[in-house]
Protein chains: 2
Amino acid sequence: MKMSDVAKLANVSPATVSRVLRQPDLVSKETKQKVMEVIKELNYKPDMSASQLRTRETKIILVIVPDITSPFFSKVLRGIEHTAVENGYQVILGDTENDIEREKDYIDLLYRKQADGALLLTARMNKENLENLSKKFPIVLACEYLDNLDIPTVSIDNVSSARKATEHLIQLGHTKIAHISGPMNIILSRDRLKGFQQAMTHNHLKINPAFIQEGDYGIDSGYDQMMKLLSLDNHPDAVFVFNDEMALGAIKAIQDHGLIVPDDIAIVGFDNLKIASIFSPLMTTIDQPKYEIGQKATKLLLTLMKGGTVKKKKFVLKDELIVRESCGTKIPNPCIEDFISQ
Amino acid sequence: MKMSDVAKLANVSPATVSRVLRQPDLVSKETKQKVMEVIKELNYKPDMSASQLRTRETKIILVIVPDITSPFFSKVLRGIEHTAVENGYQVILGDTENDIEREKDYIDLLYRKQADGALLLTARMNKENLENLSKKFPIVLACEYLDNLDIPTVSIDNVSSARKATEHLIQLGHTKIAHISGPMNIILSRDRLKGFQQAMTHNHLKINPAFIQEGDYGIDSGYDQMMKLLSLDNHPDAVFVFNDEMALGAIKAIQDHGLIVPDDIAIVGFDNLKIASIFSPLMTTIDQPKYEIGQKATKLLLTLMKGGTVKKKKFVLKDELIVRESCGTKIPNPCIEDFISQ
DNA sequence: CTGAAAGCGCTTACAG
DNA sequence: CTGAAAGCGCTTACAG
């Protein structure tokens, strides 16, 4: 069933049916009502392929994610999907599984007019390509980013949050501090390492090169890298880990090694996953506003797709150090504080 | 740039360009080569909107997921996405957040010709509606299902796997066995409860009605329901939990209550999430082949979309009881077994 | 306020 | 093996 069927039954032209649906203000009240009745009766739904071709708009957003099974990205994705649907857009999911080739394949969908714009949660291609792309299509980055990129980007300040996490460790008296980083080809990893280095240098602490181990995001990798650190003659007494998943693996490695977190080794994670707040030791970590990152990025993309411009390029959302148990700081007893403040 | 531009430059008709791309066997070698050169030179990519309208095929699969942030579903989704892309299809993500209304909104996309078929990882609508839908569109269910439904469905046998999990508890000598179920409006929950009941009855064990508590999937809910069970005068000595996430919450509740898993209370989970194998007690659980469920479901949908028929309706994949620590069974030392078998 | 007509960019049945 | 032509189902500028 198509628009002309509705038109016939309602004794109007297809043009009028289209107007009722898209520009109802241009149609008289009576006509509108009559057409609406027929539409309901037939349960008519306009064909999107046709309107996509005609309007040159797909109402689809392409979202490229490095890893759909990551609890972090799935929360960001929820923020994106929710905001997209609220605004009448659908989301095509592009799961690259951290493979740059697949990233390119998905980008192709933009050239093929299968999506109106893209949200990149991973940006492994080079800066020049990316900027060219953004001249042709509405593009917004989230989570990952590139230096001095002229494309709207939503993320937290990874350098300062990493510095904050490391400084927390320093303030607790740790000096032999290690870092399990993410893959070094990702700027996120480099920035968090930078924050770590800044905190160490600023506090006149030496960084032992053997104390920096590169992981690859997963629990197992956190376990393996921590085992490497534990095998050193003089192992660290604290570790700042790139993300909570690897931190979970690191904690397990420490326990398997017969040591205790935080008594023997303190751990700070990153992302504040739900699971990090369940098992003891409850993890001290950096909270990222995951849903909000997705939401904000989608809103920016929406304005770009409507033809608007976004002058500001860096949108830095607030992170927060969540102090729990994995660094040895007990959460102060709220009852006692209540007494004191009374 | 469009097909006619390519045609002009290659001195052929648009029809020929189209044939080069879609039915290359119909084109002479020379023409093909010439056209391909121009296509490369211009970096021409055919417009999907146009070909979608013309061919009445979108090459898009709609995937409706109850909760994109669930580690279980995100693995299934990876299987789907991977298989879809391999076969030239894209995935539109429909995250219902367990809301039946949103399920309906996504189904609309089928009527609007925005997708060629749908994969439902959640089926909350009634059977009649669903069967009507599947007469109009290619539909495959996965994970969730309905009784005697005439639509291809991929899942494990939830009744037998729940029975197996419960029997494991019984064989270890437990008698006061509780069950934290999923939401009772979901057939999955009812089937796992059924398996639990079958195992109990078959072993002449009484089911204490207070020992059955309904949760809602999440960690917090597992925690809360377990707390309810712990507050009973005579609390259970073992609990079969609907999924690993709630089992995680339940274990935490037990620990917070000052008891030990598995010494005081044994726990069996369901799904075999990665995280269930990290922290002690390592969880005994039912493994579901998540990726394979997604893969199989997608392959079935692909054959339906190609116009094929699927005679068999129930596709039951293999589950497996993974025995770890949360029921008190130590993994037998493989070295000893090796000695014995030698 | 409404209709007739053109056209979005492809694909394919038909003719040669 | 190739081209001309029709048409997929809408939308909108134009005319009235």
Side-chain angles (χ1 to χ4, degrees), chain A residues 1-39 42-60 88 90 108-116 307, chain B residues 1-39 42-60 88 108-116 136 307:
Chain A
M1 180 204 354
K2 43 192 175 172
M3 198 169 264
S4 56
D5 299 324
V6 175
K8 229 171 277 173
L9 259 178
N11 279 317
V12 295
S13 71
T16 298
V17 178
S18 181
R19 281 192 204 100
V20 167
L21 259 14
R22 304 185 71 103
Q23 317 176 65
D25 292 349
L26 298 185
V27 184
S28 78
K29 208 175 153 189
E30 301 79 46
T31 311
K32 210 181 325 191
Q33 203 176 351
K34 189 173 53 177
V35 171
M36 286 308 288
E37 270 167 27
V38 176
I39 286 176
L42 297 180
N43 193 28
Y44 167 74
K45 320 260 180 186
D47 184 311
M48 288 300 290
S49 302
S51 93
Q52 279 170 18
L53 176 58
R54 185 52 234 244
T55 62
R56 315 280 45 222
E57 256 198 324
T58 61
K59 292 284 182 181
I60 289 177
Q90 302 303 326
D108 244 28
L109 300 183
L110 251 20
Y111 287 101
R112 295 177 195 283
K113 305 274 162 58
Q114 193 154 129
D116 296 336
Chain B
M1 181 203 354
K2 43 192 175 172
M3 198 169 264
S4 56
D5 298 325
V6 176
K8 228 170 278 171
L9 259 176
N11 279 317
V12 295
S13 72
T16 297
V17 178
S18 181
R19 281 192 204 99
V20 168
L21 258 15
R22 302 185 73 101
Q23 316 175 66
D25 292 350
L26 298 184
V27 184
S28 79
K29 206 174 154 191
E30 301 78 48
T31 312
K32 209 179 330 191
Q33 202 176 350
K34 189 173 54 181
V35 171
M36 286 308 290
E37 269 167 26
V38 175
I39 286 176
L42 297 181
N43 193 27
Y44 167 74
K45 320 260 181 187
D47 185 310
M48 288 301 289
S49 302
S51 94
Q52 279 171 17
L53 175 59
R54 183 53 233 244
T55 62
R56 315 280 44 222
E57 257 199 322
T58 61
K59 292 286 182 179
I60 290 178
D108 244 29
L109 300 184
L110 251 20
Y111 287 100
R112 295 179 194 282
K113 305 275 164 58
Q114 193 154 125
D116 297 337
K136 295 181 194 144

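Chain A is the first sequence line, chain B the second, and so forth, proteins listed ahead of strands; every chain is numbered from 1.
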Contact list for DNA chain C against residues 43-52 of chain A - heavy-atom distance below 4.0 Å: none
Contact interval (first through last nucleotide) of DNA chain D with protein chain B, 4.0 Å heavy-atom: D/dC1 to D/dG9
Each stem that DNA chain D is part of, given as range with range (3 or more consecutive Watson-Crick or G-U pairs, under 3.5 Å): C:1-3 with D:14-16, C:5-12 with D:5-12, C:14-16 with D:1-3
Sugar-phosphate, base or nothing in reach of B/R19, heavy atoms under 4.0 Å: base
Criterion side-chain contact (heavy atoms from CB on, under 4.5 Å) on B/N43 and B/K45, from CA distance to verdict: CA-CA 7 Å; B/N43 193 27; B/K45 320 260 181 187; 3.5 Å; yes
Check against side-chain contact (heavy atoms from CB on, under 4.5 Å), A/Q114 and B/I60: CA-CA 10 Å; A/Q114 193 154 129; B/I60 290 178; 3.8 Å; yes
Check: A/P46 and A/R22 side chains under 4.5 Å, non-hydrogen atoms: no
Please list every donor-acceptor pair under 3.5 Å in which a side-chain atom of residues 13-21 of chain A meets a protein atom from a residue at least two apart or in another chain.
unit_1	atom_1	unit_2	atom_2	d
A/S13	OG	A/A15	N	3.4
A/S13	OG	A/T16	N	3.3
A/S13	OG	A/T16	OG1	3.3

Between C/dT12 and C/dG16 - C1' atom distance, rounded Å: 16 Å
Upstream residue (5' side of DNA chain C) when A/S13 and B/R22 are each assigned their closest nucleotide: A/S13
CD1 on A/I39 to CG on A/L9, rounded to 0.5 Å: 11.5 Å
A/D47/A/R54 ion pair, N-O < 4.0 Å: no
Toward the 5' end of DNA chain D, by each residue's nearest nucleotide, A/L21 or B/V27: B/V27
Heavy atoms of other groups near B/Q33 CD, more than 12 under 6.0 Å: no
Verdict with reasoning, A/R56 to B/S49, per side-chain contact (heavy atoms from CB on, under 4.5 Å): CA-CA 8 Å; A/R56 315 280 45 222; B/S49 302; 3.7 Å; yes
Partners meeting salt bridge (Lys or Arg N to Asp or Glu O under 4.0 Å) with B/D5 (sequence neighbours left out): none
B/K2: partners by salt bridge (Lys or Arg N to Asp or Glu O under 4.0 Å), with sequence neighbours left out: none
